[in-house]
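Step one of this worksheet: look at the structure below.
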Amino acid sequence: AFPPVCVEPPRPVVRRDVPPPAEWKREVARAVVDVRAGRLDKVVLARTEDIVVDGEIDVAATLVRMRAANPSATLFAVDRAGGVFLGASPE
């Protein structure tokens, strides 16, 4: 279990969806067509949200907030050169 967190998260300065929402919707629509046509049985589409914040990110506090938002998700945090890649699956 994670301890309670009182640390306020830093504010986003820049937020960017990759791919952009319109492109994402086109990809989803294409995948639906392919599934309905029998060309695919299953599709897993992924997207990224790039966020630049105005301060340091407390990884442990972020994981606590993610757990609170989605208690059944599998959380992960991987130390990467210059940062941490973290997330929850399924979203």
Side-chain angles (χ1 to χ4, degrees):
F2 290 109
V5 173
C6 297
V7 177
E8 286 294 319
R11 291 184 316 271
V13 176
V14 176
R15 180 176 249 143
R16 182 174 64 107
D17 292 318
V18 180
E23 185 179 333
W24 170 253
K25 289 176 184 178
R26 284 191 300 274
E27 291 294 326
V28 170
R30 270 193 292 248
V32 168
V33 168
D34 287 342
V35 168
R36 288 184 177 157
R39 290 187 289 272
L40 298 172
D41 293 324
K42 179 179 177 180
V43 177
V44 178
L45 298 173
R47 59 187 176 154
T48 300
E49 185 175 23
D50 288 336
I51 302 171
V52 176
V53 297
D54 68 352
E56 292 292 317
I57 293 176
D58 182 328
V59 174
T62 301
L63 290 171
V64 170
R65 284 190 292 277
M66 291 169 70
R67 171 63 67 218
N70 192 349
S72 63
T74 298
L75 302 179
F76 58 88
V78 180
D79 190 19
R80 304 277 308 235
V84 175
F85 174 66
L86 56 88
S89 182
E91 296 74 18

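The chain is numbered in sequence order, starting from 1.
Of all the heavy atoms in Trp24 and Ala46, the pair that sits closest is CZ3-O, 3.3 Å. Nearest heavy-atom pair across Ala77 and Val59 is CB-CG1, 4.2 Å.
Dense packing is recorded around CG of Asp54, with more than 12 heavy atoms of other residues, nucleotides or ligands lying under 6.0 Å away. Other residues, nucleotides and ligands contribute over 12 non-hydrogen atoms within 6.0 Å of the CZ atom of Arg39. Around the CD atom of Glu49, the shell of radius 6.0 Å holds more than 12 heavy atoms that belong to other residues, nucleotides or ligands.
Going from atom CZ of Arg67 over to atom OG1 of Thr74 covers 7.5 Å, rounded to the nearest 0.5 Å. One finds the CG atom of Asp17 at 9.0 Å from the CD1 atom of Ile51 (value rounded to the nearest 0.5 Å).
Taking the side chain as every heavy atom from C-beta outward, Arg47 and Leu45 never approach each other to under 4.5 Å.
The cluster map of Ile, Leu, Val, Met, Phe, Trp and Tyr, joined by side-chain heavy atoms under 4.5 Å apart, puts Val33 and Leu40 in different clusters. Residue Val35 is grouped with residue Val28 when hydrophobic side chains (ILVMFWY) are merged at heavy-atom distances under 4.5 angstrom, including chains of intermediate members.
Exactly one of Leu86, Val84, Leu75 qualifies for a side-chain contact (heavy atoms from CB on, under 4.5 Å) with Thr62. That residue is Leu86.
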